[in-house]
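Accompanying notes for the structure given below.
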Amino acid sequence: MPDHSGAPLTIQRVQPYERRGIAVASSAIGPDGYIDDRYSAYFDDQVPGLSWSAVIEARSYVLIVEDPDAPMDQPFVHWLLWNIPGEATEIPAGLSRTEHPPELAGAVQGRNSGGTLGWHGTRPPEGHGVHHYHFQLFALTDPLDLPPKTTLNELVDVLKGQAIASGEVVGLYERKASGVADAPTEPAHGAARDAETGRGGLDEDDVDRHAPHNEDGSVKRRA
């Protein structure tokens, strides 16, 4: 299996026939860009909420969440949701994991790559590094007549002909390897730091005390 998926995301495969973008946001994503633990399958696996800027012509919206960093041939699908009402500008947190969530009249929820309905919490392999979760939203000209068993590829084929606009927000999540400290290693100081960075002796009158120096104190020049 590959370390990361090499296949394109949905938003790269679908080109809306208008160039307007949709501004998408989620309170599940912190100021640092990371998704809170409560939305991870490692913890509470809560369903995140989402909000976006309205597209006046939209008759419905489609949400697709994918992780392209999963060690598999295709991005891992974390959420499929379509027929979100055209007048809606948000998906409430805690949305029911049912084919027809009652919180969004008329909406249809598909199966994620784990085989379950609705949101599949973030669950990158331990020690695999930071994963990027793309919350991709598409505005459509009409609702879709598709059953809950619809696959991502079948959904994408329809989006290619009906998408008016699109937008996304990306959240990050990482499951560090067991025993790895969260705090960064303290940098070396003084002579030890100078040796690590290739700096020679530094005099008080050096013009650039941050540049690598030769042993005589002169600034090293690139070849």
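The basis for the numbers below is simple: all heavy atoms, side chains too, and nothing from hydrogens, waters or symmetry mates.
Between L104 and L95, some side-chain heavy-atom pair lies under the 4.5 Å cut-off. Residues P124 and Y133 have side chains in contact (heavy-atom distance under 4.5 Å, counting atoms from C-beta outward). Side-chain contact between F138 and I11 is present, with heavy atoms from C-beta onward closer than 4.5 Å. Two residues are said to be in side-chain contact when any heavy atoms from C-beta on lie closer than 4.5 Å; P75 and D67 fail this criterion. Inter-residue side-chain proximity for P125 and H131 is flagged as met; some heavy-atom pair is nearer than 4.5 Å. L137 places none of its side-chain heavy atoms less than 4.5 Å from the side chain of V62. Inter-residue side-chain proximity for I164 and Y17 is flagged as met; some heavy-atom pair is nearer than 4.5 Å. Contact check for P71 versus H128: side-chain heavy atoms found under the 4.5 Å cut-off.
One finds the CD1 atom of I22 at 11.5 Å from the OG1 atom of T89 (value rounded to the nearest 0.5 Å). Note that CZ of R175 and CG of D37 are 8.0 Å apart. Values are rounded to the nearest 0.5 Å. One distance of note links CZ of F135 with CD1 of I91; it measures 9.5 Å at 0.5 Å rounding. Going from atom CG of D36 over to atom OG of S27 covers 9.5 Å, rounded to the nearest 0.5 Å. With values rounded to the nearest 0.5 angstrom, L159 atom CG is found 12.0 Å from Q15 atom CD. From D157, atom CG reaches atom CD of Q162 across 12.0 Å, with rounding to the nearest 0.5 Å.
Ring centroids of H134 and H78 are separated by 6.0 Å or more, keeping the two rings apart. Taking the six-membered ring where the residue is Trp, the centroids of Y61 and W52 are separated by under 6.0 Å. In summary, the aromatic rings of H120 and F76 are positioned with their centroids under 6.0 Å apart.
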Query raised in the report: When you look at E126 and S178, which way does the side-chain hydrogen bond (donor to acceptor under 3.5 Å, both in side chains) test go after all the steps?
Result: CA-CA 8 Å; E126 188 176 281; S178 299; 2.9 Å; yes
Query raised in the report: Do E66 and Q136 pass the side chain to side chain contact (heavy atoms under 4.5 Å, CB included) test, and can you show the C-alpha distance, the side-chain angles, and the key distance before you say yes or no?
Result: CA-CA 8 Å; E66 294 176 277; Q136 306 156 94; 3.0 Å; yes
**Report entry** Step-by-step side chain to side chain contact (heavy atoms under 4.5 Å, CB included) determination, L146 to W82
**Finding:** CA-CA 9 Å; L146 297 174; W82 60 92; 3.8 Å; yes
Requested in this report: Could you check V108 against L81 for side chain to side chain contact (heavy atoms under 4.5 Å, CB included), going step by step and ending with a plain yes or no?
Outcome: CA-CA 6 Å; V108 181; L81 180 64; over 6 Å; no
Query - Pair I29-Y34, side chain to side chain contact (heavy atoms under 4.5 Å, CB included): steps then yes or no - result: CA-CA 5 Å; I29 302 173; Y34 279 79; over 6 Å; no
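With E103 contributing its side chain and S96 its backbone, the two residues share a donor-acceptor pair below 3.5 Å. Between the side chain of S60 and the backbone N or O of G86, no donor-acceptor pair lies under 3.5 Å. Counting only distance, with no hydrogens or angles, the side chain of E154 and the backbone of T151 share a donor-acceptor pair below 3.5 Å. Although no hydrogens or angles enter the test, the distance criterion places no donor-acceptor pair under 3.5 Å between the side chain of S40 and the main chain of G121. The backbone N or O of L155 sits nowhere less than 3.5 Å from a side-chain atom of T150 that would complete a donor-acceptor pair. In this structure, the side chain of N112 engages the main chain of G118 through a donor-acceptor pair within 3.5 Å. No donor-acceptor pair closer than 3.5 Å links the side chain of Q109 to the backbone N or O of L80.
The only member of V65, I64, L50 that meets side-chain contact (heavy atoms from CB on, under 4.5 Å) when paired with W79 is V65. For the salt bridge (Lys or Arg N to Asp or Glu O under 4.0 Å) test with D45, the passing option among R38, R123, R97 is R97; the others fail.
Partners of R59 according to the salt bridge (charged side-chain N to carboxylate O under 4.0 Å, His left out) rule, which considers only residues two or more places apart in sequence or in another chain, are D142.
Counting all heavy atoms, side chain and backbone alike, S26 lies closest to G49 at OG-O, 2.7 Å. G115 and R111 get closest at one heavy-atom pair: O-NH1, 2.8 Å.
Residues M72 and L9 are members of separate hydrophobic clusters, defined by side-chain heavy-atom contacts under 4.5 angstrom among Ile, Leu, Val, Met, Phe, Trp and Tyr. Hydrophobic clustering of Ile, Leu, Val, Met, Phe, Trp and Tyr side chains at less than 4.5 Å, counting indirect connections, unites V24 with W119. Both V156 and V77 are assigned to one and the same hydrophobic cluster, defined by single-linkage of ILVMFWY side chains at heavy-atom distances under 4.5 Å. Each of V14 and V55 belongs to its own hydrophobic cluster when Ile, Leu, Val, Met, Phe, Trp and Tyr are linked at side-chain heavy-atom distances under 4.5 angstrom. Using a 4.5 Å cut-off between side-chain heavy atoms of Ile, Leu, Val, Met, Phe, Trp and Tyr, with links allowed through other members, Y39 and F43 fall into the same hydrophobic cluster.
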